[in-house]
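To start, the structure itself, in structure tokens.
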Amino acid sequence: MRVVGFGLRPHAPRNALEEVLARVLDAARAHDGKPPVLYAMATLARRAEHPALRCLAQAYALPVIAVDETRVVGVATPTRSARIEALFATGSIAEATALLAAGEGARIIVSRIVSPDGTASAAMAETEGFIRA
């Protein structure tokens, strides 16, 4: 199962999310040569209703998993943002939410990709397991 996690600022435009998602999907395709099949999108609960994210999720017919921000504390991520570490005690919201939403045993297969304007990031996690309720 594959989940794309997003980190996004309140003012992130839809085109920034679309761009990072496209780049993540391209990287996933390069990872194993197959078109990626997504199970869900994930982000912090405070951003789960972000209009641009909701539109993107609807366009892909995917649910958005809202991850409580207390759950990202201490999640080890392959990339690190000093700003995000100071705010949330994890290196990347995109990577942490993807890992948590994908479930136990998840691993990052596409590390955090940041939009050129810096308002959005995305990463992909993969697992054989199921999402915990």
Side-chain angles (χ1 to χ4, degrees):
M1 169 175 56
R2 290 179 173 181
V3 176
V4 173
F6 287 91
L8 59 152
R9 294 191 181 211
H11 61 281
R14 182 173 173 175
N15 67 319
L17 274 73
E18 289 171 340
E19 181 174 343
V20 293
L21 178 59
R23 291 172 56 199
V24 164
L25 294 175
D26 286 345
R29 193 173 298 109
H31 172 74
D32 60 13
K34 297 183 273 185
V37 176
L38 297 179
Y39 181 80
M41 295 179 178
T43 194
L44 292 177
R46 68 166 77 176
R47 300 282 188 259
E49 295 300 322
H50 189 286
L53 181 61
R54 281 290 169 186
C55 286
L56 192 60
Q58 185 176 24
Y60 281 83
L62 292 172
V64 175
I65 298 170
V67 177
D68 187 280
E69 79 180 54
T70 60
R71 291 187 61 213
V72 303
V73 172
V75 173
T77 59
T79 68
R80 310 205 76 66
S81 160
R83 184 179 72 81
I84 295 301
E85 266 189 316
L87 292 170
F88 299 100
T90 189
S92 165
I93 293 300
E95 292 169 353
T97 58
L99 287 166
L100 290 166
E104 194 169 326
R107 63 189 176 94
I108 294 294
I109 61 167
V110 179
S111 295
R112 172 178 55 119
I113 295 174
V114 180
S115 65
D117 67 1
T119 63
S121 63
M124 185 181 289
E126 179 179 65
T127 187
E128 299 284 328
F130 298 97
I131 293 174
R132 286 186 264 165

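- Between the CG atom of Leu17 and the OG1 atom of Thr119 there is a distance of 7.0 Å, given to the nearest 0.5 Å.
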**Request:** Could you check Leu25 against Leu38 for side-chain contact (heavy atoms from CB on, under 4.5 Å), going step by step and ending with a plain yes or no?
**Result:** CA-CA 9 Å; Leu25 294 175; Leu38 297 179; 4.0 Å; yes
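- Taking both residues in full, the closest heavy atoms of Ala48 and Arg54 are given as O-NE, 2.9 Å, listed atom of the first, atom of the second, then distance.
- Between Arg29 and Asp26, at least one side-chain nitrogen of the basic residue sits less than 4.0 Å from a carboxylate oxygen of the acidic one, meeting the salt-bridge criterion.
- How far OG1 of Thr43 is from CD of Glu49: 11.0 Å, rounded to the nearest 0.5 Å.
- Not a single donor-acceptor pair under 3.5 Å links the side chain of Ser92 to the backbone N or O of Pro78.
- For the atom pair CD1 of Ile113 and CZ of Arg23, the computed distance is 5.0 Å after rounding to the nearest 0.5 Å.
- Closest heavy-atom contact between Arg14 and Cys55: NH1-CB, 3.5 Å.
- Side-chain heavy atoms closer than 4.5 Å link hydrophobic residues (I, L, V, M, F, W, Y) into clusters, and following such links, even through other members, never connects Ile109 to Val3.
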**Message:** Please determine whether side-chain contact (heavy atoms from CB on, under 4.5 Å) holds for the pair Val64 and His50, giving the CA-CA distance in whole Å, both sets of side-chain angles, and the decisive distance to 0.1 Å.
**Reply:** CA-CA 10 Å; Val64 175; His50 189 286; over 6 Å; no
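- At distances below 3.5 Å, not a single donor-acceptor pair connects side-chain atoms of Glu69 with backbone N or O atoms of Phe88.
- Clustering ILVMFWY residues whenever any of their side-chain heavy atoms sit less than 4.5 angstrom apart, transitively, puts Leu62 in the very cluster that holds Val24.
- In this structure, Gly118 and Arg9 approach most closely via the heavy-atom pair O-NE, 3.6 Å.
- Considering CG of Asn15 and CG of Asp117, their distance stands at 7.0 Å, rounded to 0.5 Å.
- Residues Val67 and Phe6 fall into different hydrophobic clusters, defined by Ile, Leu, Val, Met, Phe, Trp and Tyr side chains chained together at heavy-atom separations under 4.5 Å.
- Taking both residues in full, the closest heavy atoms of Thr97 and Gly5 are given as OG1-CA, 3.6 Å, listed atom of the first, atom of the second, then distance.
- Proximity of a side-chain donor or acceptor of Ser115 to a complementary backbone N or O of Ala120 within less than 3.5 Å is detected.
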**Request:** Take Met41 and Tyr60 through the side-chain contact (heavy atoms from CB on, under 4.5 Å) test and state the conclusion after the steps.
**Result:** CA-CA 10 Å; Met41 295 179 178; Tyr60 281 83; 4.2 Å; yes
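- Using a 4.5 Å cut-off on side-chain heavy atoms (C-beta onward), Pro13 and Glu18 make no contact.
- Here OG1 of Thr90 is found 12.0 Å from CZ of Arg71. Values are rounded to the nearest 0.5 Å.
- Taken together through direct or relayed side-chain contacts under 4.5 Å among Ile, Leu, Val, Met, Phe, Trp and Tyr, Val110 and Leu8 form part of one hydrophobic cluster.
- Cluster membership for Leu99 and Ile84, using ILVMFWY side-chain heavy atoms within less than 4.5 angstrom, is shared.
- Going from atom CD1 of Ile93 over to atom CG of Leu87 covers 8.5 Å, rounded to the nearest 0.5 Å.
- Of all heavy-atom pairs between Arg2 and Ala28, the closest is NH1-CB, 4.1 Å.
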**Message:** Determine whether Thr77 and Ile108 satisfy the following criterion, side-chain contact (heavy atoms from CB on, under 4.5 Å), listing intermediate values before the conclusion.
**Reply:** CA-CA 8 Å; Thr77 59; Ile108 294 294; over 6 Å; no
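- Taking every heavy atom of both residues into account, Gly105 and Thr127 meet most closely at C-OG1, 3.9 Å.
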